[in-house]
Structure formats: C-alpha cells, structure tokens
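One structure is given below, encoded as structure tokens.
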Amino acid sequence: VNRRSNDILGLDGIWPRPGWVVLDAARETQFTGQVTFDSAPPVDVYFDRGRPYLAERHTDPPIGAKLVDNDALDAAQLARGTVRAGEHAHLGRLFDLVPEVDRLRVLVTLELLTEELMAWVAGQSVRLATPTPYLMHPSGVHRWDSAEATAERMAPLVAVAGPVDVVVVPDAARPVAPELEQLGDDMAIRWSEPSGSVRIAAVIGPSGVVASGGESAGAVIAPVEGDVDVDATPVEIPTPEDPTIDRFEVVWPTGEVDPPDGSEIAVGLEPPTAPQADGGEGGNDLSDVRVDVGDVADEVVLAVRQALAAIEADAIASRPARPAAAPLFHYGEGGGSVATEVRPVATATVHGGSAPVSAGVSGAAGGAGAGGAGPVVPPAPIDPLVQPPSGPAIPGVMANPPTLPPAPPPPAASPDRRRSALRRLVDNLRGR
Amino acid sequence: MEQVFKILVTGPFAAGKTSLIQSVSQTPVVATDVLTSGDEAAVKAATTVAMDFGTYLLDANEPDEDPVRLLLFGTPGQARFQFMTDVMKGEVDVVTYVVDFEATHTHREAGLGMRALLRDLRVPLVVAVNRCDDPVEAALLARSLGTLAHEPVVPCQLIDPASGREVIVEALVSILTALDAPGGRPVSPSVLVGSS
C-alpha cells in the first residue's frame with residue numbers, strides 16, 4: 001500500500017489496478033507532478049494541473065534524442081538549444097535559443113509520443129503508482145506550454161487575423177448612452193427611459209473631495225445619501241416625464257410576451273420627494289416597493305406553505321444520522337474476506353414523571369425509572385459478552401440482545417490442494 | 001476438506017447472466033425473478049431483483065482428493081442494483097462480466113458498470129461476450145468497455161449450455177492463474193515484457 005497514492009490521488013491502496021484508473025485519478029484531482037507507474041518497464045507520466053504533458057519509459061533515451069530521431073529537430077539545433085547546467089541538459093529555452101526550430105512540429109511530436117505511451121499504460125495492470133507532487137521533468141519541457149509560451153505562439157495567428165471591429169454600425173443601431181447634462185461637481189444623469197426617483201450622491205473621493213473624470217480613482221459611489229458623507233449634497237436626477245407605475249412584461253426567448261393581466265407583478269415607485277436634511281424620511285428604500293400579487297386565495301397560500309414544510313421536513317429526514325455505534329469493518333489480510341464486527345448498543349429513555357431516565361441494556365436503571373421521578377442514572381457500561389440479568393422489561397429495550405456468532409476460522413486450505421481441486425473441476429467441466 | 005470456489009456473474013440487464021448460471025448449475029437455480037415493468041418489460045418478461053444462485057459439486061474419487069464445490073452468484077442487471085455487485089465482488093474468486101454483443105444500446109451502461117467494477121477489483125475478471133462468435137470483435141468490445149489487454153474475453157452463445165460452460169472454465173483457469181501470480185490479479189507474461 002502506497003500511502004502517498006492514497007492521500008494524493010484518492011486511490012485506496014488496492015493494487016494492482018488498471019493504468020487508466022490512475023490516469024483518471026490524476027486528471028480528476030488536477031494533479032501536478034510526476035506519477036511513476038510500476039509497470040514493466042516502469043513509466044513516468046508528468047502532469048500539469050491534471051493534464052499530462054510528457055510520458056516516458058525509464059528505458060527511453062533522453063527527450064532531445066527522441067526529437068532528433070523523429071525528425072522534429074536536427075542534432076545541431078538540439079546542441080544549440082540545450083542549456084547545460086551540471087549534469088542537466090535543459091530544453092526549456094529551446095525555442096528562444098534556436099528560433100528557426102519548427103515549434104509546432106516539436107510540440108506535436110512530443111504529444112504523439114506521450115499519447116502513444118499513455119495509451120499503453122492505460123491498458124496495463126499497474127502494480128503500484130507513486131505520485132510525486134510538483135516534480136517536473138528535468139528537461140524543462142513543461143516550460144514549452146506555459147502561458148508565456150502560449151501567448152508567443154499565438155502572436156503570429158493574431159497578426160494575420162483581421163481587425164475585430166471592422167463592421168460599420170449605423171448610428172441608429174448604436175445603444176443610446178445616458179445623456180450627461182453636466183459634469184464635475186454638479187454631475188447629473190438623465191435616463192432615457194422613465195424611472196422612479198433615484199438620487200445619486202456626489203462622487204466623493206477618499207478625502208471628501210468631489211471627484212470627477214479621471215480623478216475618481218478610489219472614489220466611493222453611494223446611491224443613498226445615508227450611506228455616505230452627510231455633508232455632501234446629493235445630486236438629484238431631474239424628475240422623469242412619466243413617474244407612473246412601470247409595468248414589467250415577461251419576454252421569453254421565443255419572442256412571446258406574456259399579456260399583462262390582473263396577476264401580473266407590478267412594481268410601483270413613489271414619485272420623487274425632496275431630500276431630507278437628516279436623511280430619514282423621503283428616501284426610496286425597500287418599503288417603497290409594493291408587490292401586488294393579485295387575488296391569491298387563502299387555500300393556495302396554505303397549500304404552498306404546506307408544500308414548503310413538507311420539503312423541509314424531507315430534507316431534514318434525509319440527512320444521514322450519525323449512528324450511535326458505527327460498525328467496524330476489518331478487511332482481512334488475505335483472500336479478500338471481510339470480517340464485520342458490530343458493537344451492540346441499546347439505550348432507552350424511560351419517562352418516569354417529568355425527568356427522562358436513560359437505561360442501559362443491563363436494565364439496572366429500570367427499577368429507578370419505574371418508581372416515578374427518580375434520579376437520573378447514567379447508562380451502565382455495556383459488555384456484549386455479559387448476559388443481562390433478569391429484571392423488569394423496559395419498553396424499547398431487548399431483554400436479550402442478539403450477539404454475533406463467533407467468526408468461523410478461515411479454511412486452512414493449501415494452495416496446492418486448491419490448484420489440484422481447480423484442475424479437476426476444469427477437467428470435469430470440459431468433459432461434460 | 002471441501003474446496004469452495006465462488007464465481008460472480010454480473011453485467012447489464014438482459015445480457016444472459018442467468019442463462020450462464022443455468023448452463024452449469026447442477027441444482028435448480030435459485031432465482032429471484034419478478035415481472036418486469038416499464039421499458040424493461042419490452043425486453044423480457046421477468047428479471048432478477050436480488051440474485052441468482054447455482055451450484056456445481058464434484059465429489060472426491062481418490063482418498064487424497066478434496067470434494068470441490070462451485071458456487072455461482074448472479075447479480076441483478078439493472079443499474080439500481082449496482083450495490084449488489086459492489087458488495088459481492090470482493091467476496092468471490094473471480095468475476096465474470098457478461099455483455100450482449102448485439103444489444104448495442106446496453107454497451108454504454110456496460111462500460112460504466114465495467115469501469116466501476118474494475119476500479120478496485122482484486123480478483124480476476126473474465127468477459128463473456130454473448131451472441132458473438134468472433135474473438136476479435138469480442139476483444140474489441142471488451143477493450144472499449146475498459147478491460148485490460150491481458151484479461152480473458154470469451155465470445156459465446158449463452159443460449160447453448162456448452163458455450164456457457166466454456167465461459168465458466170475460462171473463469172476457473174483465471175483463478176488458477178491468479179493462484180500462481182503473487183499479488184492478486186494475474187499478470188500475463190506479455191504485460192511483464194511490455195510492448196508499445
């Protein structure tokens with residue numbers, strides 16, 4: 001059992017496994033680093049956030065040699081593109097040092113080699129997989145697909161693409177921008193559609209200075225004067241031409257518009273009122289919004305409430321309850337057998353008077369509880385091997401709780417006898 | 001001492017699991033079939049809801065021989081009974097996965113079931129491809145479902161008891177191989193050598 005495999009890849013220590021299970025686990029856990037597959041020969045697969053970028057057998061030649069063998073590079077390019085640091089031959093700057101290298105050819109060759117080997121690993125029965133987080137391939141090929149490299153690779157493609165906004169949009173089709181009457185300290189915004197009274201406080205800088213234009217960095221925009229510096233004078237939007245109730249229509253993606261009727265939800269906004277010095281009354285807050293749901297019968301409201309209560313009750317009931325004593329499962333060392341050990345627990349609450357009394361399986365508290373409002377007796381320790389003494393029956397408590405029979409000893413069959421038996425069975429079935 | 005071997009027969013709905021057990025069992029198969037309903041009723045009239053159970057007993061003829069008992073457990077095929085397979089797959093000596101080659105609409109479910117089975121399987125696996133005579137086609141289907149390259153795949157016609165017995169024999173041979181291979185599931189020589 002490899003503990004790191006258990007912890008990092010979420011594999012539970014059952015080996016051997018199919019290789020694709022390990023690959024799936026690395027992908028699902030967004031693993032970054034190296035996973036060594038104990039196959040024959042062993043294989044290292046390198047992942048970056050769950051994406052495999054390189055796979056190689058322990059017996060493989062270096063990456064550079066494989067690229068040369070597959071005509072992705074020539075030997076001279078490899079020599080010029082390799083940075084040697086001690087014993088390391090680093091290829092991470094290959095494309096910087098040798099710009100004439102066909103980058104896509106190199107990347108595709110590496111991808112093909114990796115995918116071929118991964119397909120092989122996926123079909124193998126892997127005896128063990130050892131992940132090592134954040135261990136990148138020493139050749140530095142992970143740098144080839146970094147964000148910087150990706151941007152560089154995409155640059156030529158962007159250059160040949162046409163400009164984005166080449167379509168002439170007629171003025172009539174352009175969205176109408178809010179008309180700005182004034183800028184600066186007395187900034188006001190006039191909306192093109194009717195609206196309720198919404199007052200916007202001045203844009204106030206951190207130091208309390210009213211900011212405008214490019215000076216508004218770090219400024220605070222407060223829609224209600226009560227939330228900002230009360231000394232600032234709010235700027236009021238001019239009264240809309242039509243301050244009456246706005247009706248909201250539901251327009252479906254298909255273009256259908258729900259016809260307004262009596263049940264339509266209408267939101268009414270009060271006409272604007274003058275700002276108050278204390279910021280108390282006159283503002284539009286949530287209480288100004290009225291929701292008219294039309295005539296809803298009491299029966300409907302009651303039914304909805306009952307449905308919600310039922311849903312909530314179901315949700316509570318479906319939550320897994322913590323068992324009083326969880327069964328303990330022990331997996332056998334050999335043969336795959338599972339031995340189950342259950343710890344019997346039986347408790348009951350005896351209502352004697354007003355004080356509930358807990359009782360253990362021994363029934364020791366039964367007498368106290370039966371007598372009326374007796375003292376609370378702590379439950380007696382439970383020994384499943386000790387038979388409870390005879391006593392008054394307690395409702396809800398089994399007088400003789402069942403005990404598990406002793407587990408049968410494992411058969412001491414020798415492998416040779418099993419092999420022999422199997423061969424006879426096979427021969428017998430073949431001869432039928 | 002009696003030697004007992006257990007085979008778990010599993011697979012998707014209506015693949016032929018009960019037929020496989022019936023082809024070997026000397027005793028009447030203990031079936032828990034009920035009438036199907038809904039879409040399943042269009043496929044067959046009754047289906048297994050708990051398990052099928054069959055036995056095969058081989059007496060000892062010589063003093064140094066042990067009697068051998070083969071127990072065959074069949075799981076329900078519906079996905080909602082997947083837990084039965086999960087419970088039983090660790091308690092048997094070999095798992096036989098039955099899939100109907102011609103019922104292509106079950107192959108997706110078969111793949112899901114197969115991969116769920118293989119995630120933590122500790123015993124040998126044999127794939128029985130029912131209604132198929134071509135070993136290559138059968139191997140391709142099994143491979144697409146997620147089996148490993150070395151796991152035995154048996155094309156069979158489970159309507160024929162002799163064909164079912166071939167599947168069981170292959171399962172028993174897999175147990176034999178596993179007994180010889182350390183670490184549980186058998187590793188074939190080709191895997192040890194490796195090829196790319």
Side-chain angles (χ1 to χ4, degrees), chain A residues 10-22 24-25 37-43 55 57-60 113 116-128 331-332 334-338 411-432, chain B residues 1-5 24 56-58 60-62 64-70 87 89-93 115 118-123 125 143 146-151 161-162 165-166 168-173 175-176 179-196:
Chain A
L11 304 174
D12 58 2
I14 297 172
W15 301 97
R17 283 176 178 274
W20 58 262
V21 171
V22 181
D24 275 5
F37 291 76
D38 187 6
S39 54
V43 171
R57 298 177 186 85
H58 285 192
T59 55
D60 279 355
L113 293 171
E116 179 189 3
L117 188 51
M118 283 183 58
W120 180 82
V121 167
Q124 299 302 303
S125 178
V126 178
R127 291 186 287 262
L128 196 63
Y331 289 87
S337 64
V338 177
S414 70
D416 288 341
R417 292 189 80 86
R418 279 183 75 76
R419 285 192 193 96
S420 171
L422 261 175
R423 290 195 183 98
R424 284 176 46 230
L425 187 58
V426 167
D427 292 341
N428 183 271
L429 280 171
R430 279 179 174 157
R432 278 186 71 187
Chain B
M1 175 185 294
E2 185 178 77
Q3 302 289 340
V4 179
F5 298 96
V24 172
Y56 188 88
L57 179 63
L58 182 61
N61 296 323
E62 303 291 335
D64 60 338
E65 288 181 348
D66 293 327
V68 188
R69 185 180 296 275
L70 179 63
V87 167
K89 69 183 181 185
E91 301 295 310
V92 296
D93 297 296
R115 289 188 283 277
L118 285 169
R119 281 189 183 280
D120 55 357
L121 189 65
R122 289 169 286 173
V123 296
L125 173 76
R143 198 73 183 83
T147 60
L148 300 180
H150 71 275
E151 280 164 334
R165 282 198 294 274
E166 286 178 12
I168 297 300
V169 166
E170 189 61 48
L172 295 174
V173 169
I175 302 175
L176 203 54
L179 284 174
D180 295 332
R185 296 176 74 183
V187 179
S188 69
S190 63
V191 174
L192 290 173
V193 172
S195 61
S196 59

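Residue numbers start from 1 in every chain, and the chains themselves are labelled A, B, ... in the order their sequence lines are given, proteins ahead of strands.
- To the nearest 0.5 angstrom, A:Leu429 atom CG is 8.0 Å from B:Leu58 atom CG.
- The CD atom of B:Glu65 sits 6.5 Å away from atom OG of A:Ser420, with the distance rounded to the nearest 0.5 Å.
- Once rounded to the nearest 0.5 Å, the distance linking CG of B:Leu121 with CZ of A:Arg17 reads 10.5 Å.
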Evaluate the criterion side-chain contact (heavy atoms from CB on, under 4.5 Å) for residue pair B:Val68 and A:Asn428; output intermediate values, then yes/no. CA-CA 11 Å; B:Val68 188; A:Asn428 183 271; over 6 Å; no

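- Of all non-hydrogen atoms in B:Asp66 and A:Arg424, the two that sit nearest each other are O-NH1, 2.6 Å.
- When heavy atoms are compared at a cutoff of 4.5 Å, A:Ala25 does not approach chain B at all.
- Taking CH2 of A:Trp20 as the reference point, atom CG of B:Leu148 lies at 8.0 Å (rounded to 0.5 Å).
- With a 4.5 angstrom heavy-atom cutoff, B:Arg143 touches chain A only via side-chain atoms.
- Interface remark: B:Asp93 contributes side-chain atoms only to the contact with chain A (heavy atom separation under 4.5 Å).
- The contact between B:Val24 and chain A is made by backbone and side chain atoms together, counting heavy-atom distances below 4.5 Å.
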So B:Leu118 and A:Val21, side-chain contact (heavy atoms from CB on, under 4.5 Å) or not? Walk me through it. CA-CA 8 Å; B:Leu118 285 169; A:Val21 171; 5.5 Å; no

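- Atoms CE and CZ, on B:Met1 and A:Arg418 in that order, are 10.5 Å from each other to the nearest 0.5 Å.
- Smallest separation of non-hydrogen atoms from A:Ala421 and B:Gln3: CB-CG, 3.6 Å.
- Distance check: B:Tyr56 OH to A:Leu425 CG gives 7.0 Å after rounding to the nearest 0.5 Å.
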